[in-house]
Number of protein chains: 2
Amino acid sequence: MELTNKQITVIFKALCDENRVQIVRLLQNGEKCACRLLEALQCTQPTLSHHMKILCDSGLVVGRKEGKWMYYSISAEGTDIAVQCLRELTKVSESSGCCCK
Amino acid sequence: MELTNKQITVIFKALCDENRVQIVRLLQNGEKCACRLLEALQCTQPTLSHHMKILCDSGLVVGRKEGKWMYYSISAEGTDIAVQCLRELTKVSESSGCCCK
DNA sequence: AAAACATATTGACAGCTTTCTATTTATATG
DNA sequence: CATATAAATAGAAAGCTGTCAATATGTTTT
């Protein structure tokens, strides 16, 4: 998995905003309709729509349209990529000196 | 480990900027002096200092002062917290319906 | 076809981020 | 002690982000 610096920022930008973190928490209970999220979120519908776009762009969340409703859920694949990305990015190479370099 | 939404945003804000992602990559090879990072980074010294502050605030990076030099490295503890935080945040509860809710 | 509803898009504005130059603080050296 | 060096801070400018009101798009129902 080779991600550019730019792609990495897109993933983690999703979690840079308190409202979006809250949305992810709400989705931990399973797939939710946008209107349900809106009820829980003290913001307007366009603002929610904006946040959902950023979450979907990051890959952490996926949307599914059903009639006039939009259902969102946490993406297992997307979150696996994010976790692996974070692990690899913060992994210190074995040949690197400890604190005594 | 109970982090607030705000604390979570502070962690991931560190990785929302391409320059900071690049800095973390540079630190994968081990502890580095600020002046070394500056050489590799096409930005001014105050800008680097600003980014290092955000990285340290996130806990992903730690700084160590030695004389007039400042040495930075990836924090094993901080990155473990970040990975665990990301895992927990994106974990879907077992009782949640699949796609058929 | 018209009305109602759910969501997305547009455009505007306030506030935050990134970046720079200039300056300050702290440390080492002649 | 004066000078040089490394890093942090202050202040300002440009650009990005989050937010809203208004509007558009798409879907269902009457």
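Order of the sequence lines sets the chain letters (A, B, ...), proteins ahead of strands, with each chain counted from 1. All figures in this text were calculated on a predicted structure; none of them were measured in a lab.
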Apply the test side chain to side chain contact (heavy atoms under 4.5 Å, CB included) to residues B/Ile23 and B/Leu48: give CA-CA distance (whole Å), side-chain angles for both, the deciding distance (0.1 Å), then the verdict.
CA-CA 9 Å; B/Ile23 291 167; B/Leu48 175 64; 3.8 Å; yes
Under 4.0 Å between any heavy atoms, over every strand shown, what does B/Leu38 touch: base, sugar-phosphate, or nothing? Just pick one.
nothing
Heavy atoms of chain A, cut-off under 4.0 Å: which first and last nucleotide of DNA chain C, 5' to 3', fall inside that, if you could look?
C/dC5 to C/dT9
Between P of D/dT25 and NZ of A/Lys65, the distance in whole Å
13 Å
State plainly whether one hydrophobic cluster holds both B/Ile81 and B/Val10, where clusters connect Ile, Leu, Val, Met, Phe, Trp and Tyr through side-chain heavy atoms under 4.5 angstrom apart.
no
Taking for each residue the nucleotide of DNA chain C with the nearest heavy atom, is it B/Gln45 or A/Leu48 whose nucleotide lies nearer the 5' end?
A/Leu48
Evaluate the side chain to side chain contact (heavy atoms under 4.5 Å, CB included) criterion for residues B/Asn29 and B/Lys32: first the C-alpha distance (whole Å), next the side-chain angles of each, then the deciding distance (0.1 Å), finally the verdict.
CA-CA 8 Å; B/Asn29 294 327; B/Lys32 280 203 172 52; 3.6 Å; yes
Sorted by number, the residues of residues 12-23 of chain A with heavy-atom contact under 4.0 Å to DNA chain D
A/Lys13, A/Asp17, A/Asn19, A/Arg20
Could you please name the option among D/dA22, D/dA6, D/dG18 that lies closest to any side-chain atom of A/Pro46?
D/dA22
Do A/Gln22 and A/Glu18 pair up side chain to side chain, a donor and an acceptor below 3.5 Å, judged on atom types alone?
no
Whole Å only: how far is the CZ atom of B/Arg36 from the C1' atom of D/dA7?
17 Å
Would B/Ile8 and A/Arg25 count as a side chain to side chain contact (heavy atoms under 4.5 Å, CB included) here? Give the steps.
CA-CA 12 Å; B/Ile8 292 172; A/Arg25 290 206 144 126; 3.7 Å; yes
Side chains of residues 53-60 of chain B: which donor-acceptor pairs under 3.5 Å do they make with residues two or more places apart or in other chains?
{"unit_1": "B/Lys53", "atom_1": "NZ", "unit_2": "B/Asp57", "atom_2": "OD2", "d": "3.4"}
{"unit_1": "B/Ser58", "atom_1": "OG", "unit_2": "B/Leu55", "atom_2": "O", "d": "2.6"}
{"unit_1": "B/Ser58", "atom_1": "OG", "unit_2": "B/Leu60", "atom_2": "N", "d": "3.1"}

May I ask whether A/Tyr71 and B/Val92 are part of the same hydrophobic cluster, defined by side-chain heavy atoms of I, L, V, M, F, W, Y residues being less than 4.5 angstrom apart, directly or through others?
no
Could you tell me whether B/Tyr71 contacts a base, only the sugar-phosphate backbone, or nothing, with contacts defined as non-hydrogen atoms closer than 4.0 Å?
nothing
Any donor-acceptor pair under 3.5 Å linking the side chain of A/Gln28 with the backbone of B/Lys91?
yes
Tell me what B/His50 touches on the nucleic acid: a base, only sugar-phosphate, or nothing, going by heavy atoms under 4.0 Å.
base
Ignoring the backbone of A/Lys68, work out which of D/dG18, D/dT28, D/dT19 is nearest its side chain.
D/dT28
Quick one: on DNA chain D, does A/Glu66 or A/Ile54 contact a more 5' nucleotide (nearest heavy atom)?
A/Ile54
Checking B/Leu37 against B/Leu27 for the side chain to side chain contact (heavy atoms under 4.5 Å, CB included) test, could you report, in this order, the C-alpha distance in whole Å, the side-chain angles of both residues, the deciding distance, and whether it holds?
CA-CA 9 Å; B/Leu37 293 171; B/Leu27 295 178; 4.1 Å; yes
